[in-house]
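Report on the following structure.
No hydrogens, no waters, no symmetry mates; every other heavy atom, side chains included, goes into these values. Proteins get letters first, then strands, A, B, ... in listed order; numbering begins at 1 in each.
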Amino acid sequence: MRKYRVFDVGQNSDYFNDNSGTSLDNKAIIEKVAHKCYLPANAVLLQNIKNHPDFKASFSISGVALEQFEKFAPEVINSFKALVETGNVELLSETYHHSLASIYSPEEFKNQIKLHRKKIRDLFGVTPSIFRNTELIYSNEIAKMAEEMGYKAILAEGADHVLDWRSPAFIYKPLGSENIKLLLKHYRLSDDIAFRFSQQSWEGWPLTAPKFTEWVASHNGNGETINLFMDYETFGEHQWEDTGIFEFLRHLPRAILERGDIDFVTPSEAIEKYEVRGELDVPFYVSWADTERDLSAWMSNDLQKEALKTLYSLGEEIIYVDDPELIEDWRRLQTSDHFYYMCTKWWNDGDVHKYFSPYESPYEAFIAYMNVLQDIRLRLEAAKKKQEYQIALNKVRPLRFSEI
Amino acid sequence: MFGWEFPPFNSGGLGVACEGLSKALVSSGVDLTFVLPVKLPISIPWCKFVFANESDIDEEQIKDLFSGYQSHSRNTEIDQYGLPKSISGSLMQRVKAYASRVPIIARKNKHSVIHAHDWLTYPAGIAAHEASGKPLVVHVHATQFDQCAGDNINKEVYNVELEGYRKADAIVTVSNRVKNTVINKYGIPSEKIKVVHNGVEFQKSDADVPEFIKKIKDNGGKIVLFAGRITVQKGPDYFVKMAEKVLQHEPNTYFIVSGSGDMEGQMIRMIAERGLSSKFIFCGFLRGKELATIYRDSDIYVMPSVSEPFGLLPLETMVSGTPALISKESGVSEITSNILKSHFWDVDDMSDKVISVLRHDKLCNYLSENGNKEVKNIHWKKAAESLISVYNSLDDAFSMFLLPSPPAFESAKVPSF
C-alpha cells in the first residue's frame, strides 16, 4: 500500500499502486524477488524432479501473490505451471488475500478460501484438498472450519507449547474434528534451513545436504513424516544465492533418496500413507511467527487492534453493497502484512533492524492505513446512497401510458 | 569546564545542557569547576563556580548579557546599558575579554582536562589549554551552519570555531548530524570527533489546566504547539503553512506559539495574510512550570526545524506525555523512535501526521505512552559516562574513573518473515 495521505481521501481511491521504485512499489518488489528467488528456485526444483522422479514438493501461494505475478512477472506463473504439470508438486488452499479472516469473520474466511480455490483451478487446473492458513495460524476452531469446507488435512506449527512431549513427526487429529488430519511443522529442521542456514555462529554451519540428511535420518524408527514448511523466499531472498542455498536445494534430493529408507511425499500422500497417531487439543491460536509463535506480530498493540476493528466493522456493511470494486479493495486491506508493519514489538527495543517494513515506522504504516479506511468509509456511504436511490427510483417509477 | 550561560540565566539549550551535564558528571565522581564569563547569582550545590569577571552587575544587565544568540538584536546596544567597561562591547569583544581572563583562573584552579562549550567559550578553552598544557575538549552544541540555517555564515565566528576544533585534543558533538557538519564544512578528521547525545531532565507539570485551554477543550478543540525561538532555524514559516492545511481538515484546531525571536513579526504577518489569526495563540517566551503546563495540555508538539543540532524540546514534551512531530533535520531524531518524523519542507507529510494524531486517539495515546517510556532512557548520566571515557582517553588522571560498561547488545534473535 502506498503512502496514502489525508489529502488523498475522497480524491482518489488508488491505494495499492506506487511507482516510486522504493520498497512500497509492488512492481519493483515482484521483479526483484522473481529474479532472486522464484525463478531460480523453481528452475532448481524442476531439474530436481527431472533427475529424481521421486522428489516431491508442495506450495501454498496466496491469490494476491498470484495476481501480482500475473501482472508483473508472468514467467513466474509459467514456471509454477511447469512444476504442477510434473505431477510431483501439490498446491494447497489458503485465503485469497492472505488475511486474518479466520480470526475475525468465519463467513469472510470461507469466501476467501473459495475465491482462492477458484483462482488455483483457473490457473493450474487443480483443486487443492489440503488447507494451510495465513502464517500457519491454527486452532481447534480453524481446523473445524477447514473440515466443514471439505479439506482432508490442515497444516500447523509444531510449537513446543502445543506438542509438549509429543513429536511433530506423526500425523494427528484436531480435537473436535472427525474428518480432517493435522500435519505439524518440524520447526527445528525447517528453521535450520530457513533461518540458520547462513549463520556462521551456528554450530551446524555450514549446512550441507549430507549433514541435513543425517539429521532427518536420526528420526528413523521414531517418526513417520518430517514436515519441512518454510517461506519460499528462504531460497535466494532471505538466504542469498552466495550462501549456497540453491546448491543445498539441488543436492538434497539425491542425498535423501540414495539412502533408500527415506522418501519424499506431498501432504496428500502423507495422510494416505500414515495413520493418525493421536489427538491434539489447541484451544488457542498458534502461528509460525517469531519466538512467541502466537498472533502478537499482527494484533498485539492498540494501533493494530484499532485498525483491525475498524476494518472488519466496515465489512459488515460492505459485503451487502453492490460494489465489487469496493469489496475487492476492502479484502486487499485484510492482508496480514498491513498489520505486521504496525507492529511495535521490535520498534520499542530501539532495534530498528528487526523491523521489516517498507514504512519508516509503525506509525507511518498506521497513518496511511487509517487514511485509506477513511476513504473506504466515504465510498461505502456513497454506494449505500446510490443503492437506496435506485430502490427508491423503482418504487416511485411513474406508470407509462402504454402500460395502462 | 567553560560555559557561557547557566540556568536560570540562559536563552536556550546551551545553558540547559551545561546544567544537565555538570550535574551528571559530578554525580559520576568528577571534580568539576565551572567557569562563566560574568558574575551571576547562581546557587548550584553540586559544583564550584568561578567567574571570569567578578564585578557585580544587576539583573537587568544580566538579562541582556547572557545570550550568545544572534537573534537578540540588543547585543549591539549593550554599550548603552552602562555595564562595567570590561564586559561591554560587541559579542566578539566579550568572547575575547572572557578568554583574556582565563590564564589566571587556569593557574589558580587545579585541573586535568579542559572542557569548553560552543564557540563563545573556545577562545577561553584555548587560553586555558595554553596556560596549563592540559588536554582540551571542545563540545559542539551547534555550528554557524546550524544557527544561520544555510551557508550565509559569519566568517569571524567560523574562524573561532575552526581554531577551536583544530586546537582541541578531542571534539564532542551532540549528534551525528553536527559531527558531519564539522567534518564536511570544517575539514576535521572524523577520528577526532565523538558523538555524545544530550539527555533530558524535566518535570511533568502538575498545575491546573489554564482557563483558555480549558475553553478550547470543552468545545472539543485540539491544540498543536510550536515552542522555541522564532527564528529561521526553527522553521516557523513551515509551521504556519502546515497549520493552514490542518485547518482545512480539522477546523476545530488551535495553534499555540510559545517563544520569541526575530521572525515573530513575519510569522504573525503570514498568519494574518492567510486569515488564520483567530486560530493562533501567542503566549510569549515561557519557562518553568508555565511551559511544562503548555507541553502537557497540547495534543501534539511540532518542531519543523530547518536545522537542529540536537533539539531538547521534543524530549521535554515526551516527558510531559505529549506526542511530538520532529523534522528529520534534527539531532534528536537520531535517538528517538516513538515519535513522528518528517522533512521540514514536506508540509503535506507534516499535516497528514498532525491530522492523524488529532483524529485517532489510539495513535495519540500510543505515542504518548511509548514516548514517555522511551524518554526515560535518555538521561544525562549516559552522556556523562561517554564524556568520562573521552576524558580517560586523554588523561591518565581520569583512569581512576571506571569505564562505563558497554551496553549489552541483545544477541540477534531469529527474525520472522
- Would you indicate whether B:Gln248, at its atom CD, is surrounded by more than 12 heavy atoms from other residues, nucleotides or ligands within a distance under 6.0 Å? yes
- Task: Give, as side chain, backbone, both or neither, the part of A:Glu233 having an atom under 4.5 angstrom from any heavy atom of chain B.
- Result: neither
- Message: Can you confirm whether A:Thr344 sits close enough to B:Asn370 that some side-chain heavy atom of one is under 4.5 Å from a side-chain heavy atom of the other?
- Response: no
- Message: Can you confirm whether more than 12 heavy atoms, excluding those of A:Trp240, are under 6.0 Å from its CH2 atom?
- Response: no
- Message: I'd like to know which of A:Thr234, A:Val9, A:Asn301 tops the heavy-atom pair count under 4.5 Å against chain B.
- Response: A:Asn301
- Will you find, in the side chains of A:Tyr363 and B:Ser356, an N or O donor that is under 3.5 Å from an N or O acceptor? no
- Any side-chain heavy atom of B:Lys353 sitting closer than 4.5 Å to one from A:Arg5? no
- When you look at CD of A:Glu241, are more than 12 heavy atoms from neighbouring residues, nucleotides or ligands closer to it than 6.0 Å? no
- Note on the structure: Under 4.5 Å to a heavy atom of chain B? For A:Asp337 that would be neither
- Note on the structure: If one checks every heavy atom of B:Ile335 against chain A at 4.5 Å, the contacting part turns out to be neither
- Is it the side chain or the backbone of B:Lys341 that comes within 4.5 Å of chain A heavy atoms, both, or neither? backbone
- Query: Does a salt bridge link B:Asp352 with A:Lys3, judged by any charged N lying under 4.0 Å from a carboxylate O?
  - Reply: no
- Task: Heavy-atom distances under 4.5 Å only: say whether B:Leu340 touches chain A with side chain, backbone, both or neither.
- Result: side chain
- Query: Could you state the interatomic distance from CG (A:Asp302) to CD (B:Glu369), rounded to the nearest 0.5 Å?
  - Reply: 7.0 Å
- Going from CD on A:Gln304 to NZ on B:Lys362, what distance comes out if it is rounded to the nearest 0.5 angstrom? 13.0 Å
- Query: A:Glu306 versus B:Tyr366: any side-chain heavy-atom pair under 4.5 Å?
  - Reply: no
- Note on the structure: Interface check, chain A: of B:Val357, B:Leu363, B:Leu367, most non-hydrogen pairs under 4.5 Å belong to B:Leu363
- Which bit of B:Asn365 comes within less than 4.5 Å of chain A, counting heavy atoms only: side chain, backbone, both or neither? neither
- Query: With a 4.5 angstrom heavy-atom cut-off, which part of B:Asp349 approaches chain A: side chain, backbone, both or neither?
  - Reply: both
- Query: Can you find a pair of side-chain heavy atoms, one from B:Arg359 and one from A:Val6, that are under 4.5 Å apart?
  - Reply: yes
